Number of protein chains: 2
Amino acid sequence: MKLREFAKQLGLSPTTVSRALSGYPEVSEATRARVASEAMRLGYRPDINAVRLKTGRAGAIGVMMARSGEIHFAEFMSGMAQRLETADTDILITPITAHNDEDEMQAYRRLVESRRVDAVIIHSPRPRDPRIGVLNSLGLPFLVHGRSESEHVHAWLDIDNENAVRRSTEHLLDLGHRRIAMINGLRGKTYSIHREQGFRVAHQERGLVADPNLMVCDKFSDESGFRHARSFLERANAPTAIVAGSTMTALGVYRAVRSLGMTVGQNVSVIAHDDVFPYLTAESMVPSLSTTRSSMRAAGTRCAELTLQLIAGRAVDEIHELWPVELILRESTAPPP
Amino acid sequence: MKLREFAKQLGLSPTTVSRALSGYPEVSEATRARVASEAMRLGYRPDINAVRLKTGRAGAIGVMMARSGEIHFAEFMSGMAQRLETADTDILITPITAHNDEDEMQAYRRLVESRRVDAVIIHSPRPRDPRIGVLNSLGLPFLVHGRSESEHVHAWLDIDNENAVRRSTEHLLDLGHRRIAMINGLRGKTYSIHREQGFRVAHQERGLVADPNLMVCDKFSDESGFRHARSFLERANAPTAIVAGSTMTALGVYRAVRSLGMTVGQNVSVIAHDDVFPYLTAESMVPSLSTTRSSMRAAGTRCAELTLQLIAGRAVDEIHELWPVELILRESTAPPP
DNA sequence: GCAAAAATTGAAATCGGTTTCAATTTTGTT
DNA sequence: AACAAAATTGAAACCGATTTCAATTTTTGC
């Protein structure tokens, strides 16, 4: 059903009907109500493509998806979707080849040239992330999930990674641990750098120095957790505690500890960052895992909201959110043996 | 840059330029080449919304995303994205409230009425899935990832769940196990029913009967794996082997076995279905996990391809693919003690 | 060399809405 | 009751492409 036809059935002009449905003030309350109820009854809904062509709004937010499996992706998206459900805004997934900035930026250009999205959200930035400059010069609004140190002001939402790791490290130090290892995220990402910073600062406050030999960067996976934990624990002067980058990493760490005949929470303490996945919960691990917690889903919801504000014209330099992280102590952290 | 302007720069009419770019035959090779190279140089790209309005194609495939965390989601999407990268087709995520069919069908109606997608992909169907009838009557092309027994013919791609579980169960029976438990997926889903069927058939072939007390349905998660495995293993007449629904479930099962002072691959055998997640691999578990394997990512890629064919007009009743599942034996399965 | 056929190009209509601007009706004021 | 102001409605232009149909140019056949 088209506007023409629908308007004719109502005995009104397309103009009035359009205005009634889009909530313009210059249409009488009576007609508005009638139009709305008839639209519902007859199932009329404007052709989204015509609306977009005319208004110039794409009605979609783009999300770049690296081809490599991103474990956080589904939760974040699900959070976004929840907010956008009522905003008449779609989520557009654009695939990009992992670790290829040139490719990704080409994809942004395409998106802009073809007016497919009103804004994009980018993930896991690095301190000097070239994407930010490109997006800036393209004039495409964007929100960074994470932070960058780019000279261009940009909207961002990040969790307080530095403080998170600082607090978990302090907790371990308070318990008496002195040799603490850290299995960090991907090298070069801002969040990894912040976490490392938190790790160092916690040591420094107590006049200690974080041992560079006990710090490693890698992707978040069960396998990498296992491999690095094992390598740490087999050393002569093995650490008594491990800070893990994610619950998935912690899983591998637990396994490594067990494989050496030791017990988590007894011989070795473990603490990890938890993005809250419904299928893998820290409290159900054995022993239950102490974590710093921050919901990826909530971040997705909020990022969607902020991006909508961005599109609506809110100033970029007003949009900066740093989320605190909860420290949740469970059984996996205890004084050293 | 608009078509008008771009055409003027080339000294051609918009008509010719449009034809050249869309690959129509009635434009000379020389002009086509010139148009293509100039478009590249000047960065001209048709406004996607205008194209869509005119052609009536939405240029997008819809995917319904339940609000609950779907662990498979990211891998599947990533596979889809890979295929669609070169097809000028977007992926549109539409959020739906989990377990609320009415809501989901309302969402379909909205999608159709506003011409937002050319087709949708639906997941995890049930044998008599009401969504199929609705989509059918709406005239919106759709592909089912999984299968239904709906009276309406529909395009589908599924993995051979029955055979997968049948083979893993046969393997356990061959090893000498006689009390085998199964932790299945969500009750009512077609895949759970097929898996249960495979479990039963494997028993029947050998003149045995699958014990209904050793079969349970639940979501795929570490926690549910633990809970059910524990409940099974604490019984008087405990099973000597467990068939788990996913690697995530197997994780919980492993944990349950250990928590009772037993060892996987010694006191208890475990086999699971593996959808191949990059962050949790069966071979790196300890002991390495025997699995039936089928790549979720590959399924996503193929579903995207089939959906494109569907949009291009391929007959629905031609599109049925049943994928075989690999059986991969590792250390977690061994003869009963 | 010329007519007919084939190849190539362009003018204008169209997709389905939104929005500007003008016209009409209603309300308020004296 | 008469007029100005405010509220409401509608006609027509427009968003930026595609595509029909007609016009022009080039090629072919004899």
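A note on names: the letters A, B, ... follow the listed sequences, proteins ahead of strands, and every chain is numbered from 1. Every value quoted in this text rests on a predicted model; they were computed, and no experiment measured them.
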d(CZ, A:Arg57; P, C:dT19) in whole Å: 8 Å
Whole-Å gap separating P (C:dG16) and OH (A:Tyr44): 10 Å
Atom of B:Val27, atom of B:Arg32 and distance for their closest heavy-atom approach: CG1-NH2, 3.1 Å
C:dT18 OP1/OP2 closer than 4.0 Å to side-chain N/O of A:Ser18: yes
Heavy-atom donor-acceptor pair, B:Ser22 side chain to B:Tyr24 backbone, under 3.5 Å: no
Each nucleotide N or O in nucleotides 11-13 of chain C that has a protein N or O under 3.5 Å away: list the pair and distance.
from: C:dA11; atom 1: N7; to: B:Thr15; atom 2: OG1; distance (Å): 3.4
from: C:dA11; atom 1: N6; to: B:Thr15; atom 2: OG1; distance (Å): 2.9

Check: B:Asp90 side chain, B:Leu92 main-chain N or O, donor-acceptor pair, under 3.5 Å: no
Rounded distance in Å - CG (B:Leu10) to P (C:dG10): 11 Å
Sugar-phosphate only, base, or nothing, as touched by B:Ser28 at under 4.0 Å among non-hydrogen atoms: sugar-phosphate
Flag, side chain of B:Asp158 to backbone of B:Leu322, donor-acceptor distance under 3.5 Å: no
Atom-to-atom span, CZ of B:Arg4 to P of D:dC15 - whole angstrom: 9 Å
Check against side chain to side chain contact (heavy atoms under 4.5 Å, CB included), A:Arg302 and A:Trp323: CA-CA 11 Å; A:Arg302 184 66 184 159; A:Trp323 284 17; 3.4 Å; yes
Residue pair A:Val117 / A:Leu140: nearest heavy atoms and the distance that separates them: O-CD1, 3.9 Å
Nucleotide nearest A:Tyr24 when distance is taken to its side chain, options D:dA17, C:dT9, C:dT19: C:dT19
Nearest-neighbour nucleotide for the A:Leu3 side chain, C:dT18, D:dA17, C:dT8 considered: C:dT18
Test applied, ring pair (Phe, Tyr, Trp, His ring centres under 6.0 Å); reference residue, B:His123; option that passes from B:Trp156, B:Phe76, B:Tyr191, B:Phe142: B:Phe76
Phosphate-side-chain proximity, A:Thr31 and D:dT9, N/O vs OP1/OP2 below 4.0 Å: yes
Touch class at under 4.0 angstrom, heavy-atom based, for A:Leu12 against every strand present: sugar-phosphate
Any donor-acceptor pair under 3.5 Å from B:Thr190 side chain to B:Arg147 backbone: yes
Crowding at CZ, B:Arg128 (>12 non-hydrogen neighbours, <6.0 Å): no
Spacing between A:Asn49 atom CG and C:dT18 atom C1', to the nearest angstrom: 15 Å
Rounded distance in Å - CZ (B:Arg45) to C1' (D:dG16): 16 Å
Measure all distances between protein nitrogen or oxygen atoms and nitrogen or oxygen atoms of nucleotides 23-28 of chain C, and list the pairs falling under 3.5 Å.
none

Gap between atoms CZ and C1', on A:Arg116 and D:dG16 respectively (whole Å): 15 Å
Sugar-phosphate only, base, or nothing, as touched by B:Phe6 at under 4.0 Å among non-hydrogen atoms: nothing
Whichever of B:Ala50 and B:Glu29 has its nearest DNA chain C nucleotide further upstream toward 5': B:Glu29
Any donor-acceptor N or O pair under 3.5 Å, side chains A:Arg297, A:Ser78: yes
For atom CD of B:Glu26 and atom P of D:dA22, their distance in whole Å: 16 Å
